[in-house]
6 protein chains.
Amino acid sequence: MYTMDEKLRADVLTAALPYIQKYTGRVVVVKYGGNAMVNPNLKQAVMSDMVLLALVGIKVVLVHGGGPEISGMLKRLDIESKFVNGLRCTDEQTAQVVQMVLAGKTNKDLVSLIGVCGGKAIGLCGIDGRMIQARKMDGPKELGYVGEITAIDPAPILNALHDGYIPVIATCGIGEDGMTYNINADTAAAGIASALKAENFITLTDIRGLMRDVNDENSFIAHVDTDQVDQLIAEGVIAGGMIPKIKGLQKVVREGVGRAVMIDGRIPHSILLEMFSDEGIGTLIEKPKEATK
Amino acid sequence: MYTMDEKLRADVLTAALPYIQKYTGRVVVVKYGGNAMVNPNLKQAVMSDMVLLALVGIKVVLVHGGGPEISGMLKRLDIESKFVNGLRCTDEQTAQVVQMVLAGKTNKDLVSLIGVCGGKAIGLCGIDGRMIQARKMDGPKELGYVGEITAIDPAPILNALHDGYIPVIATCGIGEDGMTYNINADTAAAGIASALKAENFITLTDIRGLMRDVNDENSFIAHVDTDQVDQLIAEGVIAGGMIPKIKGLQKVVREGVGRAVMIDGRIPHSILLEMFSDEGIGTLIEKPKEATK
Amino acid sequence: MYTMDEKLRADVLTAALPYIQKYTGRVVVVKYGGNAMVNPNLKQAVMSDMVLLALVGIKVVLVHGGGPEISGMLKRLDIESKFVNGLRCTDEQTAQVVQMVLAGKTNKDLVSLIGVCGGKAIGLCGIDGRMIQARKMDGPKELGYVGEITAIDPAPILNALHDGYIPVIATCGIGEDGMTYNINADTAAAGIASALKAENFITLTDIRGLMRDVNDENSFIAHVDTDQVDQLIAEGVIAGGMIPKIKGLQKVVREGVGRAVMIDGRIPHSILLEMFSDEGIGTLIEKPKEATK
Amino acid sequence: MYTMDEKLRADVLTAALPYIQKYTGRVVVVKYGGNAMVNPNLKQAVMSDMVLLALVGIKVVLVHGGGPEISGMLKRLDIESKFVNGLRCTDEQTAQVVQMVLAGKTNKDLVSLIGVCGGKAIGLCGIDGRMIQARKMDGPKELGYVGEITAIDPAPILNALHDGYIPVIATCGIGEDGMTYNINADTAAAGIASALKAENFITLTDIRGLMRDVNDENSFIAHVDTDQVDQLIAEGVIAGGMIPKIKGLQKVVREGVGRAVMIDGRIPHSILLEMFSDEGIGTLIEKPKEATK
Amino acid sequence: MYTMDEKLRADVLTAALPYIQKYTGRVVVVKYGGNAMVNPNLKQAVMSDMVLLALVGIKVVLVHGGGPEISGMLKRLDIESKFVNGLRCTDEQTAQVVQMVLAGKTNKDLVSLIGVCGGKAIGLCGIDGRMIQARKMDGPKELGYVGEITAIDPAPILNALHDGYIPVIATCGIGEDGMTYNINADTAAAGIASALKAENFITLTDIRGLMRDVNDENSFIAHVDTDQVDQLIAEGVIAGGMIPKIKGLQKVVREGVGRAVMIDGRIPHSILLEMFSDEGIGTLIEKPKEATK
Amino acid sequence: MYTMDEKLRADVLTAALPYIQKYTGRVVVVKYGGNAMVNPNLKQAVMSDMVLLALVGIKVVLVHGGGPEISGMLKRLDIESKFVNGLRCTDEQTAQVVQMVLAGKTNKDLVSLIGVCGGKAIGLCGIDGRMIQARKMDGPKELGYVGEITAIDPAPILNALHDGYIPVIATCGIGEDGMTYNINADTAAAGIASALKAENFITLTDIRGLMRDVNDENSFIAHVDTDQVDQLIAEGVIAGGMIPKIKGLQKVVREGVGRAVMIDGRIPHSILLEMFSDEGIGTLIEKPKEATK
């Protein structure tokens, strides 16, 4: 009659029911980056997850930076890459390449890939509808057009969601003066999640999550509440590059986003696995329980 | 890190994607009856399937008869059950019991069970909004209030769908004279599917489907087009009680329903298995291929 | 030319104008019970009033209990009726009969009768859309599934009104656990009137109204404000079974319903007579004048 | 308890039910003129009827000419009234007086009176929104600005109905050239009824209706179908000033209006009496029965 | 190739861009009166301005009094004009003439003229929809039906704007008693501007604006903030008939209107010139800068 | 008082009125290219025109190719440019550069510039929402990803217009296979104009328009009807590169676009000059007059 596989399929779908119920109609912002943006199989898996989430009624928004494509193009164009405090020095010429690669290459390639997966996407950048407004970041003059966000107008994203499309957002910003600014993608994604009062803000990374001992899989920390973050930093558990990342998630949750998770983008379908299970697969930052009421 | 199960779960969900895409936003009418309406586990599985389908954006409508509950109640009330040509003789007293059990017991129990599964349902019968209009069926006088449908007004069903509820429909009918009529549930479900121009009309039965040789699992017929039905009857492949059932599905497809399937309600989650796979698990009646364009 | 009758008809219609103006577009909840639910002529007159009120733009909601039909059915099924403090002991078997008769017999018969009067009704019970949520009432264990209301979701009623139907509501409730609860109909009707912020809450009874001396027609009390109720109880004017009824109306008005009236359901068209005249025909509970602002 | 009057009131209201059901949501155009426009009591009765019909959900439109007020004002202004073929010679000065009295006096007085009766009206004339477009009627030059209708734009009337107002329409017309035209009110009202595809077009007159013998009340003709009109003219039953009136009603029905009635405006509440009874009180022009399906 | 004129045209249109951006979608109320209402060329220019503003998406409302037409008609009808404190004594007969001329002549002529300019207008007066409610003004009895406004219901104006028409408003008022009241047009226009929370309230006058020395063009005062008004009165700069006018504008701004301007209606297209330039051409009353936040 | 300039401004704005009336609410597609896309002053003037047209209620859509920026980038990346029959040979690497420059550089720069001019734009390319679907054009294999359009889905453009943005469209296409295609911008713009049933399709060029003698300004042809095109080609008046351009405009008009104009983009504000004058400034292709009704 029917095979084992079929029964299994039914069981899995049935098991997904409560998680779909939890998120349907809600906004989920996915910050896309790292290895999941380079490996073609992972890339396809992420886009397929986006399409599935959209189909079951979840309002997914994909926010991405440019990853290695920007550096590659700068190199091909013989433009020197210089960094100050980990920020790319962005003269006008560099700003133009950032915009071109981010909004014209990475962004549209993702839109295209979502189409291949059977979804419908609209690719936008912070210039469209003056969505991500920015000004020069305080700092050494050579930073140039590295921007800090002054305002986010979520209207173009909400319109795309309303019209039934998956919004794919490239994170360059636009100045009062009409100049393009190079914006940190994590910061922009967090700002968008806040502006949309998202239910869930998922950041894809290249690590397992937060660990007490990076060499010990068993020391994985699945859950941190926003009030514990500062102590974990003091204890040295959160250290180095993790500090700004976790602080960013803490800020987003404090600004009204329901939950913020950092997941391992190297696992195929990590987004589905995170969203459609009780324990999730990443490190979750939430409000302290007593505060959620 | 993550278990095999989790990977599997992701794979299964991903595999469901194209089927969800096919039905999302469309109307699917499920005629519910037989063993799936008696066995509590199957009952729960069917309601859970309805909730899942509703969640992924499919407009499911559940139509049911009364099954053994009517006979049971008539017996408890010492009302004799008499049949002519397989139709229950329905005097006024019997008609009242049919209405009471169908609309007050079976219907509301299903609504309640959908609630337990996390869905929201509205239970209606053919009397509500004068939805299923009927008159006395031609035939021997003793048939009494056995009705044939004169008109179906799908407005109450469409309203419930629009307001986000799963409509659960008990199939009693209402006459010009305000009398309640006992209506065949298969016929009523088919009429509702036609009136709604459903994409899919699924009938739950207690058999595997149509077979050339009922004793040979391998003789299962997965697909019949509407033009082949009459010949299969002439050949004796469709025979006995199958004739009205298959003729009913043929009629529904000819009236504009996309496809009509008879599936084995004894298999848990048979509705999911039918809808979320290429081959399905039942016998499908469709328009002849050349006629579909 | 034209007859006296015609002139009269015009005069009466014209006289109704200010009362229609007062209620058009407003919600009026009618608690239906007593003799008006047993006598077929009165029954027809009440349903005809509902249809007329709906036609002139008033949003009428009919809420009913089961009256003698439940006891009759329990007796036919040899289920013993036991009462504690005037409440029916409701074991699981009894709860099922209550649901079946209330939602399947009484409710649909009223929907059917409204249809005969030319109106369109939708019959719902507290289980539909989980409208009347309940839990076990505090009290002796033998009360069983006698419920107290924990929440009312008026959405299904508002949807039916919006779609142009007269909602007819059977008052059984639904528990967290999916069990059906036996709810007092007066209490449920009052809860619905409060949840809908009704303009008028009319209770049909089998008495003339509140009287200082029940043997003296002339001692009829036409108007009581909510602040006078407690004193009238202290004085013994409101006594016995009238105490919970009048307290219920007092509560409803204090929760925001415009006015609550107890009228004599034994008078044909008592609802019209109450609503379309200055003095009304029943005992009216209103806010104290100084409080209405 | 309750008086005879109260019972009667309930009975009459109940009897009105089927007629209200027939017209609710439909458009009814009333051409108002004659004695009912002069006698203050009749005037008030007509406006009260309009308010009642609006309240029970009927979309009433009142169309009026200027009656004796125009002649009176012309006389006070020493402007000579001249007639050719029963049409008022309308030089530019006269056209201005016609517009001023019709749109500024008669129209706004009716709007005001509807307000006194508890209704909400908007007064418009054919100039507003260029609703009644006209050009010079063929004929002797001295007719001047007597206009024939070239087009009717019902948008302003439909907007007023949609916004919940009773539209009161003065029948002056507007030319391509911006000049005001004097339009026959019967013709304009008929044109408006056609443009709105009204369910009913009621003309108030100063006579009993069509009669075979004007001196014999018993010869009253209650019903004429559109195919009989020409023969009745040939027989001389329809004669003199009745010919254009009846031809107008015939035309309106042939253009899609449901029914056209000529009623005796001298009877108080004649509109209610016509609409809320089976036989009506006037002469009805309808499509021949065989043609209605 | 292309002429100088064409280049100029493009430049002017381009220069208008920021002013259109400022007002598009906002409500602008124009109080129309004085010479601009008498001189046919100015009249046409004002209506043409209204049409242009409407076309570029500004929600313009034209409010007018009757000007010399009322006096002219009263004289022709041999009705004596008497004034007390500058207010016309308005007996019932006079009130009727005011209504007739204002709502039937002036109002509809303006609607007609807007049509000639290619716009679509709806003419309303304070009686329509009981828009301008009034009662007798305190004062000597002989003032009669001179009214003061008790309430303004802007719904008919908003409906007309929503339906795409330019509302043209005649300022007569309606009493509780259904009597027509003679209302000061400046006051009514100001009341309407407040009720609509207009962005701009423009009053056309026959003077250049406010001047320190009426004989010295160079003493023109272009801008006064609401806190300066009382001092300017004390200084005698604002004196005589200017006091009520400027106090009216002050009041309007304090009630929430964005800005109020008095402009010289004797200049053709003065409305365009005021709105489509930085400095404007009239005397502007605004909130004090520090108060605008 | 007021200066000459102000009067002039009013006159010009007033003169623009009928042209605004003609186009308001209609779709106008502008194909942007040539010198107007290189010269910064012309660029700003075109964007300013777009903003002005949008403000006066015209639904403008800007469609652009990549102009010299693509060639420049290919050169900087050492990718050889090869042409066959005037078409750029587009291997996969070239297709990626075309997409990147078109959608990421040119497109977003225009969106940015519209923002500087005070407008709100959304930049999209044919990949977004799978708007411009394409397949390989028939021809020599070395053409590679030069595409021909198979379908246009105007939904993303209509959504952007509905949400109040100016859509700016880069013309790359998307294949079934998810590959990016290099599409001729004139063809894509024409296809978009047809799909939107535009009222006007304006193509910016670097020539004066169509001329009988290219050396004689006076031989300029202002108007050609679609039936005259073939004869003008036969006569040699339309020759060389003009043939495909004019044939394209002919096709667009025959597919339902109201009018198609080729204008001289070297003139500042040529779009305004074309649209806001009777004679226009370019060569207009329209339906033959007899065919327009």
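Just so it is clear: chains get the letters A, B, ... in the order the sequence lines come, proteins before strands, and each one is counted from 1.
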Legend entry - Gap between atom CD1 of D/Ile127 and atom CG of E/Leu113 - 0.5 Å precision: 11.5 Å
Inset, instruction - Starting at CZ of D/Arg76, measure out to CG of E/Asp78 and round the result to the nearest 0.5 Å. - result: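 Answer for the CZ-CG pair, D/Arg76 versus E/Asp78, is 9.0 Å.
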Quick check: are there more than 12 heavy atoms from other residues, nucleotides or ligands sitting under 6.0 Å from [atom1] of [X]?
X	atom1	value
E/Glu255	CD	yes
E/Asp177	CG	yes
D/Lys105	NZ	yes

Legend entry - Engaged part of D/Ile174 at the chain E interface, taking heavy atoms whose separation is under 4.5 Å: side chain
Where do [X] and [Y] come nearest, in terms of heavy atoms and distance?
X	Y	value
D/Gly123	E/Lys108	O-NZ, 4.4 Å
E/Tyr165	D/Ala155	OH-CB, 3.6 Å
E/Ser112	D/Gly178	OG-O, 2.9 Å

Legend entry - Pair D/Gln96-E/Asp109, side-chain donor/acceptor within less than 3.5 Å: no
Inset, instruction - Identify which of D/Thr180, D/Asp163, D/Ile166 forms the greatest number of heavy-atom pairs closer than 4.5 Å to chain E. - result: D/Asp163
Inset, instruction - Identify which of E/Val168, E/Asn159, E/Val111 forms the greatest number of heavy-atom pairs closer than 4.5 Å to chain D. - result: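 So the answer, after comparing E/Val168, E/Asn159, E/Val111, is E/Asn159.
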Inset, instruction - With a 4.5 Å cut-off on heavy-atom pairs, point out which of E/Met179, E/Met131, E/Arg130, E/Met73 contacts chain D the most. - result: E/Met73
Inset, instruction - Report the C-alpha separation of D/Ile122 and E/Leu124 in whole Å, then their side-chain angles, then the decisive distance to 0.1 Å, and conclude whether the side chain to side chain contact (heavy atoms under 4.5 Å, CB included) test is met. - result: CA-CA 8 Å; D/Ile122 291 282; E/Leu124 299 169; 3.8 Å; yes
